[in-house]
Amino acid sequence: MMPPRGAAGSCRRRRLAPLNEDNGRFLLLAALIAAYLSAGATVFSALESPSEAAAQLRWNRTLHNFSRIFNISLPELRAFLRSYEAAMAAGIRVDALRPRWDFPGAFYFVGTVVSTIGFGMTTPATVAGKVFLIVYGLFGCAGTILFFNLFLERIISLLAFIMKACHERQLRRSGLLPPNFRRGPAVSGVGSLVGWKPSVYHVMLILGIFAITLSCCASAMYTAVEGWNYIDSLYYCFVTFSTIGFGDLVSSQNAAYQNQGLYRLGNFIFILMGVCCIYSLFNVISIVIKQVLNWVLKKFECRCCPKCHKSSARLGRRNAITPGARLRRHNISVDADGQYDSDTEGRRLSGEMISMRELTASNKVSLAILQKQLSETANGYPRNVCINTRQNGFSAGVGALAIMNNRLAETSDSR
């Protein structure tokens, strides 16, 4: 029996509502980030607030004892301490430090600017320097983000090439691939990744191992040269590589080091590779988070009309042909122009009947898929087929997300 027209209409209005899948994913992510920030603030407040209160109490006791012993009034002592804080902000320290604005120091500063690390231990004090920093940072940060995206694209291509070679080796061992099969000449291009794409989880695991190894090696260097303990060195590596850049620990700030030139070169290489690697890892993790959001949204799909949902599930099992499911399974989208009459639309939504236009489109798509699979099987290596007729200039996204969607397997299937 066909469900009430009102239930079908409610489902249709729900699909056409402004809160589509992209907006729902955005709102869900915003809510999760707000909850994540609140949870983090609660934990850090519970961990650090007692220590802060105890340190403030000790400082007040020391200040009063110093004022009483040396017979200095508290207002004068506080004024002196404010002058000392201003000197620290200007880069003046009691111990001898390297000059902040010589060429190596200035190069270190501009590197932290364009990479958005921003330690804060060096800041321009003149008006001309502040104005120049605005213009310099505008183009420098944009160019560095482009460099990070290009690095991401190439590291994914390299990992895909290596993983594809391992995959083909496994197929040869299992007998699923002819022994005389050879890859095409364009092994490094995008076309070579169409047939097989690496798993996003494998790429995330490899990048995570590489980031951990790089951080451990850099921490060993900082522990030996800077004199920090190993935990502080690991903390500095994460804060720097992730471009958080608190500035409580900053490397290469002493006046002189043993093998100073070699240490500065190693520090530069570690920071550059660490930032690029962590940036790539963050983008892969963001894809995994997006898949989790898609899974959550699917769980909440069509919960408002259980009668229509039950009817569609019950009648869907009786149908031998379900073009809608076939189109979704092969990631195919067919634009149906024109309006259906109310009778046809109601029957199509009930799951009992299909339109001739949808059946024709399904047959054409199935024939095209079959022909392509037969052709590629005859050439010795069947490939997965992914057809999408809605591609345009921005359909795959832009930036790092588009790179990941085009190069990794699960992201393409989930779009």
Side-chain angles (χ1 to χ4, degrees), residues 25 29 32-33 36 40 115 145 147-174 176-177 183 187-190 192-221 230-231 233-244 269-298 331 383-384 386 396-397 399-415:
R25 188 189 301 114
L29 181 60
L32 291 177
I33 289 177
Y36 191 78
S115 61
I145 292 175
F147 174 80
F148 290 159
N149 286 329
L150 295 178
F151 178 87
L152 172 65
E153 183 177 0
R154 276 142 186 81
I155 193 65
I156 294 299
S157 299
L158 177 62
L159 293 177
F161 175 78
I162 296 174
M163 295 172 68
K164 182 178 181 181
C166 296
H167 180 68
E168 291 176 355
R169 186 177 180 181
Q170 291 179 354
L171 291 179
R172 286 193 181 94
R173 287 183 176 180
S174 60
L176 299 178
L177 194 66
R183 292 190 298 269
V187 293
S188 61
V190 179
S192 63
L193 303 179
V194 174
W196 181 85
K197 294 184 179 182
S199 170
V200 63
Y201 305 105
H202 294 165
V203 173
M204 183 176 65
L205 178 61
I206 294 174
L207 287 176
I209 293 175
F210 184 74
I212 293 174
T213 304
L214 189 67
S215 299
C216 292
C217 294
S219 299
M221 182 187 71
Y230 197 75
I231 298 299
S233 299
L234 281 175
Y235 164 79
Y236 168 77
C237 288
F238 175 77
V239 169
T240 301
F241 296 166
S242 60
T243 70
I244 296 174
I269 293 176
F270 272 122
I271 291 179
L272 177 64
M273 295 301 298
V275 172
C276 292
C277 183
I278 294 296
Y279 175 84
S280 303
L281 181 62
F282 283 168
N283 281 284
V284 177
I285 295 175
S286 67
I287 293 296
V288 176
I289 294 175
K290 181 182 177 183
Q291 292 181 350
V292 174
L293 294 178
N294 291 337
W295 178 81
V296 173
L297 289 177
K298 287 180 180 179
N331 194 17
R383 296 179 177 179
N384 296 329
C386 180
L401 188 62
I403 295 174
M404 307 301 294
N405 284 335
N406 293 331
R407 297 301 177 93
L408 300 180
E410 285 83 356
T411 58
S412 298
D413 294 336
S414 62
R415 286 185 64 83

Steps toward side-chain contact (heavy atoms from CB on, under 4.5 Å) verdict (Ile206, Ile162):
CA-CA 12 Å; Ile206 294 174; Ile162 296 174; over 6 Å; no
Residues Cys277, Phe241; criterion side-chain contact (heavy atoms from CB on, under 4.5 Å); working and verdict
CA-CA 8 Å; Cys277 183; Phe241 296 166; over 6 Å; no
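A 4.5 Å side-chain heavy-atom check between Phe148 and Val275 finds at least one atom pair inside the cut-off. Put simply, the side chain of Leu32 does not reach to within 4.5 Å of the side chain of Ile289, judged on heavy atoms. In this structure the side chain of Ile155 reaches within 4.5 angstrom of the side chain of Leu207, judged on heavy atoms. With contacts defined as side-chain heavy-atom distances shorter than 4.5 Å, the pair Cys276/Phe147 qualifies. The shortest side-chain heavy-atom distance between Leu214 and Ile278 does not fall under the 4.5 Å cut-off. Two residues are said to be in side-chain contact when any heavy atoms from C-beta on lie closer than 4.5 Å; Cys216 and Tyr230 meet this criterion. Cys217 has its side chain within reach of Phe270: a pair of non-hydrogen atoms, C-beta onward, lies under 4.5 Å apart. Between Phe151 and Ser280 the shortest side-chain heavy-atom distance falls below 4.5 Å.
Note: Leu150 CG to Leu152 CG = 9.5 Å, rounded to the nearest 0.5 Å. Note that CG of Asn149 is 11.0 Å distant from CZ of Arg154, once rounded to the nearest 0.5 Å. In this structure, Tyr201 OH and Ile287 CD1 are separated by 10.5 Å, a value rounded to the nearest 0.5 Å. Between the CD1 atom of Ile145 and the OH atom of Tyr279 there is a distance of 7.0 Å, given to the nearest 0.5 Å. In this structure, Leu297 CG and Leu293 CG are separated by 6.5 Å, a value rounded to the nearest 0.5 Å.
When every heavy atom of Cys237 is checked against every heavy atom of Ser215, the shortest pair comes out as SG-O, 3.8 Å. Minimum heavy-atom separation, Met204 to Val288: SD-CG2, 3.9 Å. The heavy-atom pair separating Ser115 from Thr243 by the smallest distance is O-CG2, 3.3 Å. The two atoms that bring Met163 and Ser199 nearest to each other are CE-N, 4.3 Å, heavy atoms only. Contact record, Asn294 with Arg25: OD1-NE, 2.7 Å, taken as the closest heavy-atom pair.
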